Structures are given as C-alpha cells and as structure tokens.
> 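Take this structure first; my questions come after.
So that the names make sense, note that chain A is the first sequence line, chain B the second, and so on, each numbered from 1. Being a predicted model, the structure only gives us computed values, none of them experimental.
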Amino acid sequence: MNRVMFALPSKGAIAEPTLNFLQDCGLRVDKPNPRQYIGTIPAIPSVDVLFQRVIDVLYKVADGTAKLGVTGLDVVAEYGQDDVIVIHDNLNYGHCKLVVAVPEAWIDVENMIDLAEVALDFRETKLRNLRVATTYPNKTREFLHKNGIHHFSIVAAEGAIEAAPTIGYADIVVDLVQTGTTLRENHLKPLPDGVIINSQACLIGSRQMLQEHPEAMNAARILLEHIDAALLGKTYTQLTVNIAGENAEDIGRKISLNPLTRGLQGPTIAPIFGSDSGAAQWFTVTLIIPNKSLLEAIEYLRSVGGTQISAVPVRYVFLNESPTFARLVAALA
Amino acid sequence: MVAITDRAREILFIRHSVEIIENVLAGFGYERFDAPILQPSELFLTRAGDLIADHLLTLDYRNQRLALRPEFTSPAVAAYIRNGADQPVIRWSFSGPVFEDRPSEDSLQTESVGAELLGMPGRFAEAEIIALAGLAAEQLGIAGYEIAIGHVGLTRHLLAQFGLDARAQRLLLNFLNHQTEPVTAELLLNWLEKFVALPTAQQAGEEAEDHQSRVLQALMKTTDADAMAISGRTRDEILERLLRKQQRLVTYERLSEAVNFLANYASLTAPLGEDWLETAALLPAPDERAKALVDEMHQVVSMVTAYGIDHQKLVIKPALARSWDYYSGIVFELRVNGTLFAGGGRYDDFAELLGSPREVPAVGLAFYLNNTILAKELIEAAPPQTLKIQLTPTSDNSAAVLWAQKLRALGLKIAVTETASPDSYLLQGDQLVVNSRAYRLDEIPTLVDALKEKSAS
C-alpha cells in the first residue's frame, strides 16, 4: 500500500493547537519520540506524519514530499507555490493578523494615509526611505504599494521584529499579531486599516499529487470527513427533554411548530416506560439544536411543557458527504 | 490586427519597428544616446522608488548594488546633469534592451525605444514629443490610434485653489493613480475622511482621548536625544505634522469640495474643438493661471496638428494620470484600441531629485513595443528574409561567391548554403535558377526584377 505523507507544524504558534485540533476531530497523532520528526495517525493507517516548520510544510507539499499538510494562511499568502492548493481555509484555530504597526509615539499616524504622508516626509526631509522590518516582504510590498507608499526599504529580519524600531534598525514593522500584547509591550500600535492578512490554520495539498495518487485523495477524504463533521458538530448541542402529552404525534406537532426545535430532520420521540400519571403520557424528545439558538429553544420547549432538559455537546455531524471534499473534487477536475 | 505569438517573428518585427522609429526621431535631430546596461540601482530607485525595487535585476559588486537598466530616462538625465545643468538643448534618442523581473512576463528582457528632449521649456518641446509619437505610429502603419493629452500642472493648480497643500495633492493624486475602480466622489470622500482623520465613534470616547493626551504629554517631555525611541522621527516632526492634520480638520469643508471637484474633473474628456475654456468654468473662482494652463494644452494641440497629425485623433483628458510623483506638466498617452503604445510628458522636477542644483526642463516619450497588438500589414512589410543561394555538388564555389558578392553590392542580403529550403535558390554550374529559369551573371538586372516581382506577389 502506498503511504501518504502528511506534514504538520513542528513548532510555532500553531504546532500544539494542530495536534489538539486533530485529536478533537478523532484523528489523534502519535509521536513515538518527542525528538523525532515523524508520527502516525492510528485512525488513518495509510498516513505518515512529518513534523516541519510551518514554512517547510508548504515547501514539502509544493515539492511533493508530503501530499497534504497543515500550515498558516499567512504562510501560503507570502510564499504561495503554484502547485499548492488550500483545501480547507477555515479550520478555526491559530487565528492571527498580519498588520502594519508604528511606534506609539507617532500620535499623528492613525491610518495608512497618515503613514503614506510620513513616508513622503522621510523622502523629502530626511532623504531616505521609510524602513520596514518584516518577515513577510512580498505581502508587505504589495500592501504598501496599494496604499500609495512607494519609497520604503524592507529590512529583512528573523524574529524579534517588534524590537526593530526601538533598537533603531527600522521605523515601522509588519508582523503577525494574535492579541497585540507583544506590540504594546514594545510601544507599537497596529493601524486599523493596516491589516494585510487575516490568517488561521489551513489544510493544504499538492494539486499534482492529489490528481495522480488515489491513495492521497483517499487520505484527504478521510481527513475531511472527520474535520467537516467535527467542525459542524461543534456548532450543535443535543437536547433531551421530557414532555407530557396525549401521544407522540401531539408532542411532535407542538415541537415542530417552532422552526428552532425541529432539529436537523425532526424530533425523535420515545415514550417513557411506566410514566403514566393520569391522562398524560410522558415522552422523551431528542433534538439537535444550533448552539446560537440554545436558550431560545429551551425556552420554547419549556413553554410547551418540556422539563428536565439535558444538553450534551455534539461531537460530529456527518452530512451526506463531506462538503469540503466535494469542493476539492470539483477543484481538481 | 493580429497578436503575434511567434517569438522569432516578434523579434523581427520589433527590430524593424525600432529602425522605423529611430528614423523618425533622427529626422527631428535626435542623436543616439546609449547608457551602460549596468548602473547603480539608486539611480532607478530615485525615479520609481520601491515600485521598481521589486523588479530590478541586481547584483552586488565591490560593496555597490548594481542593477540592469529598467529604463533610459534616469541615465539620460543623470548624464545631462553630469555635464552641467546649463547645457544647450539636447535631443537624445535611445533604444536597446531593458530588464525587469516580472513573473507574469515571458522574458526578463524587453526592447525599449524613445526620446528625451532636455533643456527646452515651453510648448514647442511638448508638441514635438507628442507629434513624434503620432508620426512614428503612422510610419509603422498604425492608423487607428488616439492621443490623450492631460496636464499635471493644471490638476495640481486646481487642487491648490481649494486649499489642498502640495503634500495632500501628491497623496491624493497617487491614490487616484492606483485606483482600479472608477473614481467616484464617495471613494474620494472616504479617502479624505481618513486623511484628515475625522474622529471616529471609538476615538470620540473618553478613553481614547485620555490615551492620546497621555502619549502627547509623554511626547512633550521627550527630548530629541530620545529620538531613537520614537524611531527615526523627532518630537518636533511629529508635533508639526499633528498640527498640519489639525489644520486640515478645520478646512475639511473646503477639502471635501476639492474631492467633489476632482471626481468630476477626473472623468472629464472631450475631443478637440469643444470650448476648453469650459474647463476653466469648472474652477471655483475665475483664475488667470488656470486659464493660462488650459491655454497651454490648446497651443500644444494646435501645434501637434501642424505636424500633420489628424486632430480627430487628439483628445483632451485634463486629469490623465501617469505617474504623479514624476511628471510636472503636460502628459500624453497614445493608445491603439485601448492598448498603450507610447506615452510621456514633461518632468521638469526630476533632475533636482538626481542632484542637479536647479530644475532642468525635460520632456520625453517611450514606446511600448512588446505590449502592443501589432498591425498585420506591418508584419508583412517586415524586411525580407535573407536570400539563400544553395550549392549543389556540381556548383562552382567561386561562382557562388561571385554571385553572392554581386547581389550584396545591390543591397540584397545573401547567404550561401548547402541545404535546400523553401527560400533558397539553386546554383547549377555558374547559373542561378530562379522560378525555373537559369540566370547568367550578366543577367543580374533581369534577375533582380524577377526577385522583386516574386516578393511583391
């Protein structure tokens, strides 16, 4: 059987969250030795896991060493490779923004237009370019030009970018921000219209490898079935409610009157054994409710006589097929 | 019209086009200017900043960053001011390969051809440069072209009347230059609101104000010795700019009138013949200077037609946006079915940026041969391929040389070959066979007539 290499981040902000995310999706990653760069996913025996830096995940997928990988949207945007396609762009963790940040003391600079004017000041009065420290030169260039800033120099830097203006080797920075604490600690402020990329973790694949290797496509399908079902599951809660009524039809009608309590397909209603109390018969109703409507749904159930309502999180919701996998098939066709 | 895909024919066409354009330029007294292919990269960055930085092909040599030239204007102006800024009028034409690293293009190298007219102020220079673009297009057999003429100086003057300072004008015009969507008053007002920093709902909150005043107080206490901590700008610079912004807030109403005006002005276009003083009627107040600038465009248009350019082909677009950072006066673009074929204009401020002690009047134009949809007729009119004389085992080699030399003396391009091809003519003994007829050496005039007839058919 041909093996499928799946590249995951070995360090950095999304390394640990990626393992947690996959575990939540029922795809626990086993790493026999913390110092080794390989691992397995027991749920998909055909897959080998390769741990790499986020940028190398992209390169390994681009050169076909790995057929699938998890990295950041920011990395794909900056170092995009022709053959790499983003299979899932909303894994919903590892959120961060690539932003333009200026020294807090520049109280006159509140947006990109202000910055464009300051860049002109630098050129005309200091006869030098505005210096920008970043590890994202391509997206930074593109963004600054789009905002009318043309006279600047990119200062290539690795790590501790936020300190560059204080140390004095750059005037402003373009960097990834999660909470903004590091920027504040370094007396920098992000510009509200200076967001270059809204990033999060994403699943990527090699177009050519997926087209040519059915086993890679099969691994992608199993991954996406788990991921889609788990992500969708997170948005639902299962409610169990006891309710008295004449019969199951009567209860079904009452509950289905409100679109919120119709569940995914309709309520499941079962009689409660030995619960006859006079004329009314007790039933247990099971329902899947979107989290955002939970309280509203509970209030409605109470209003129609529901009681002893218990709620448990839904782990997976499997639809007819994985929507993301269907999109992938269409994109590769 | 056809788009050429065959690279070899394209190169042939481009060389042929360059020759024709150079001939037109030579007829106006333009002398050939050549620039080293490798130059310090700052030379090119001065003109275009980081717009070009990403596309320059550079190498580091002895602690200096060199770049393959991406254009000719910067080296030409640099050469001019090296010889002193008080030289007589200089007309230079240039042609040759230029280099840019643009992943979307097939090749790093393209052919550039154009002209610079340095040291000559006034409308005559602009008219000449614009006329040259039209005349060269006509010589190239391109009939369906349109020349749009605009005026950067006029646009700036009009904006200044609304109280828009030079810095604000540049920022606004640069913003316009990079717009891909149609310019609307709403788009411009949106820009303006950010520019003058109208307080947002959040900023209006007390907390934000508190923070602002805390930072302001801290800033007031900062000395210039702490400048490093505020990264490349001094306390005074920040305060001075803050003041500038406050003043803009005061004149917000005036500025919004300016952008409303600009939204109309940017879309203004009209063929020659309409009363262009109507442009002046758009002005906030009657203004002699604006009228004089509008009049400049009229003078140029009328002079361009004196060169024989059909006035139907001329259109005035006062807000025609080329690079606002660079041009200072009349600008133009010649387009063929919407595709840019030539463009240029006046750029008097550029020499000072390159270190000239004073302004140097300068106009220039460049042709964009590679992105043009080429005229089919022109491709067919491209110079004939080299005529080939094919030797046979029985051919007399010295006879072949004799034939070739005699034909070369008549201006034909001749190659002697041993292999047959559709464009080769067989040498049998000492006679050349053309169209199934064998010609002797003394029959060359008849043979040349036969060849001409063949190429005409």
> Would you mind checking which part of A/Val102 comes under 4.5 Å of any heavy atom in chain B, side chain (CB onward), backbone (N, CA, C, O), both or neither?
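It is neither, since no heavy atom gets under 4.5 Å.
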> Is the number of heavy atoms from other residues, nucleotides or ligands under 6.0 Å of A/His95 NE2 greater than 12?
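Counting other residues, nucleotides and ligands, NE2 of A/His95 exceeds 12 neighbours.
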> Applying salt bridge (Lys or Arg N to Asp or Glu O under 4.0 Å), which residue pairs with at least one partner in residues 54-76 of chain A are found, sequence neighbours left out?
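For residues 54-76 of chain A, and leaving out neighbouring residues, the salt bridge (Lys or Arg N to Asp or Glu O under 4.0 Å) pairs sorted by first residue read A/Arg53-A/Asp56.
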> If I measure from the heavy atoms of chain B, does A/Phe122 come under 4.5 Å with its side chain, its backbone, both, or neither?
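For A/Phe122, the side chain is the part near chain B, not the backbone.
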> Is the shortest side-chain heavy-atom distance between A/Val109 and B/Arg233 below 4.5 Å?
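Side-chain contact under 4.5 Å: yes.
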> With a 4.5 angstrom heavy-atom cut-off, could you sort out which part of A/Asn147 is near chain B: side chain, backbone, both or neither?
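Interface part for A/Asn147: neither.
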> Measuring from A/Trp106:CH2 to B/Glu237:CD, what's the distance to the nearest 0.5 Å?
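So the CH2 of A/Trp106 and the CD of B/Glu237 are separated by 9.5 Å.
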> Using heavy-atom distances under 4.5 Å, tell me whether A/Ala170 contacts chain B through its side chain, its backbone, both, or neither.
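It is the backbone, since no side chain atom gets that close.
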> I'd like to know if A/Asp108 and B/Arg244 make a salt bridge, using a cut-off of under 4.0 Å between side-chain N and carboxylate O.
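Result for this pair is no, no salt bridge flagged.
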> Would the number of heavy atoms belonging to other residues, nucleotides or ligands and lying under 6.0 Å from CG of B/Asp60 be above 12?
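Yes, CG of B/Asp60 has more than 12 neighbouring heavy atoms, counting only those of other groups under 6.0 Å.
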